[in-house]
J.: 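Here it is, the structure in full.
What you see below is based on every heavy atom in this structure, not just the backbone, and it leaves out hydrogens, waters and symmetry mates.
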Amino acid sequence: MEPHADDTGTYSPPPTDSGAIRVFIRTPEHVIIGSIHTGPDQWLKDVIDANRASFLTIIDAHVYSASEETLIYHSAQMLVAAAHIVLLSPLSDHIFIRDVPWLADRPIPQIPL
């Protein structure tokens with residue numbers, strides 16, 4: 001399924017395959033890199049909407065200070081209050097234009113100017 005925009009112009013990435021997807025999560029104070037389990041053909045928006053009043057389970061979570069970009073801790077599994085999530089996106093969809101600690105092992109793509 002292709003990405004699409006709804007009638008308000010809001011972009012939605014395609015639904016994920018069942019299994020875990022690596023995600024970038026931004027809260028007011030933290031950046032969390034980890035995996036979220038999704039159902040077959042389930043959108044990330046569906047995952048967050050289904051858990052809006054509760055917690056989202058993050059697997060293999062690396063938690064960074066948002067302001068200093070330093071690793072605070074790692075957890076095999078943690079719960080994040082869904083109401084505190086400011087941004088949630090597949091990590092593979094990010095194009096990084098500068099070095100960030102959560103991608104220390106990935107090369108930075110060259111972006112033509």
Side-chain angles (χ1 to χ4, degrees):
M1 183 181 286
E2 292 296 315
H4 73 278
D6 64 15
D7 55 349
T8 66
T10 302
Y11 168 80
S12 297
T16 62
D17 296 327
S18 62
I21 181 170
R22 295 289 290 167
V23 293
F24 175 97
I25 300 170
R26 180 68 161 86
T27 69
E29 296 180 12
H30 300 102
V31 169
I32 304 167
I33 305 295
S35 297
I36 294 176
H37 285 279
T38 61
D41 295 326
Q42 189 174 27
W43 300 81
L44 279 177
K45 183 178 181 332
D46 297 336
V47 173
I48 198 76
D49 285 349
N51 293 287
R52 181 57 62 191
S54 60
F55 295 86
L56 200 58
T57 303
I58 312 300
I59 308 299
D60 188 29
H62 292 78
V63 181
Y64 297 85
S65 163
S67 60
E68 299 171 13
E69 295 184 347
T70 55
L71 181 65
I72 300 172
Y73 60 92
H74 170 259
S75 178
Q77 179 177 334
M78 69 181 291
L79 298 174
V80 175
H84 289 217
I85 295 174
V86 175
L87 184 143
L88 169 67
S89 65
L91 189 59
S92 62
D93 285 357
H94 287 234
I95 294 176
F96 293 91
I97 57 173
R98 64 182 178 87
D99 191 23
V100 289
W102 46 89
L103 290 179
D105 60 340
R106 277 181 64 182
I108 298 172
Q110 296 299 316
I111 299 176
L113 299 176

J.: Side-chain contact test, heavy atoms from C-beta onward, threshold under 4.5 Å: evaluate it for Leu87 versus Ile25 and give yes or no.
T.: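 No - every pair of side-chain heavy atoms lies 4.5 Å or more apart.
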J.: To the nearest 0.5 angstrom, please state how far the CD1 atom of Ile72 sits from the NE2 atom of His62.
T.: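 Spacing of CD1 (Ile72) from NE2 (His62) equals 13.0 Å.
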J.: Same cluster or not: Tyr73 versus Ile59, using hydrophobic residues (I, L, V, M, F, W, Y) connected whenever any side-chain heavy atoms lie under 4.5 Å apart?
T.: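 Hydrophobic grouping puts Tyr73 apart from Ile59.
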J.: Only counting residues at least two apart or in another chain, list the ones meeting ring pair (Phe, Tyr, Trp, His ring centres under 6.0 Å) with His37.
T.: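 Testing His37 for ring pair (Phe, Tyr, Trp, His ring centres under 6.0 Å), a comparison that skips the adjacent residues, returns none.
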J.: Does any part of the side chain of Tyr64, heavy atoms only, come nearer than 4.5 Å to the side chain of Ile33, both counted from C-beta?
T.: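 Touching, per the 4.5 Å side-chain cut-off.
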J.: List for me each residue that meets side-chain hydrogen bond (donor to acceptor under 3.5 Å, both in side chains) alongside Ser89, sequence neighbours excluded, and say none if there are none.
T.: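 Result, side-chain hydrogen bond (donor to acceptor under 3.5 Å, both in side chains) vs Ser89: His94.
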J.: So which heavy atom on Val63 is nearest to which on Leu71, and how close?
T.: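 Of all heavy-atom pairs spanning Val63 and Leu71, the closest is O-CD1, 3.4 Å.
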J.: Decide whether Leu91 and Val86 are clustered together by the hydrophobic rule: side chain heavy atoms of Ile, Leu, Val, Met, Phe, Trp, Tyr closer than 4.5 Å, transitively.
T.: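 Hydrophobic grouping puts Leu91 apart from Val86.
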J.: Please list, chain by chain and in numerical order, all residues satisfying side-chain hydrogen bond (donor to acceptor under 3.5 Å, both in side chains) with Ser67, sequence neighbours excluded.
T.: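 Residues passing side-chain hydrogen bond (donor to acceptor under 3.5 Å, both in side chains) with Ser67: Ser65.
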J.: Taking the side chain as everything from C-beta on, heavy atoms only, tell me whether Leu88 gets closer than 4.5 Å to Val23.
T.: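 The answer is yes; the side chains approach within 4.5 Å.
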J.: Hey, could you give me the CE/CG distance between Met78 and Leu56, rounded to the nearest 0.5 Å?
T.: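 Result: 10.0 Å between the selected atoms.
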J.: May I have the step-by-step check of side-chain contact (heavy atoms from CB on, under 4.5 Å) for His30 and Val80, ending in yes or no?
T.: CA-CA 11 Å; His30 300 102; Val80 175; over 6 Å; no
J.: How close do Ile58 and Gly34 get, heavy atom to heavy atom, and via which atoms?
T.: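 So the minimum-distance heavy-atom pair works out to CG2-CA, 3.9 Å.
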J.: I need the minimum non-hydrogen distance between Arg26 and Glu29, along with the two atoms involved.
T.: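 So the minimum-distance heavy-atom pair works out to NH1-N, 4.0 Å.
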J.: Could you go through the side-chain contact (heavy atoms from CB on, under 4.5 Å) check for Asp60 and Arg22 one step at a time?
T.: CA-CA 9 Å; Asp60 188 29; Arg22 295 289 290 167; 3.6 Å; yes
J.: Would you call Val31 and Glu69 a side-chain contact if the rule is heavy atoms closer than 4.5 Å?
T.: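 Of all side-chain heavy-atom pairs linking Glu69 with Val31, none is under 4.5 Å.
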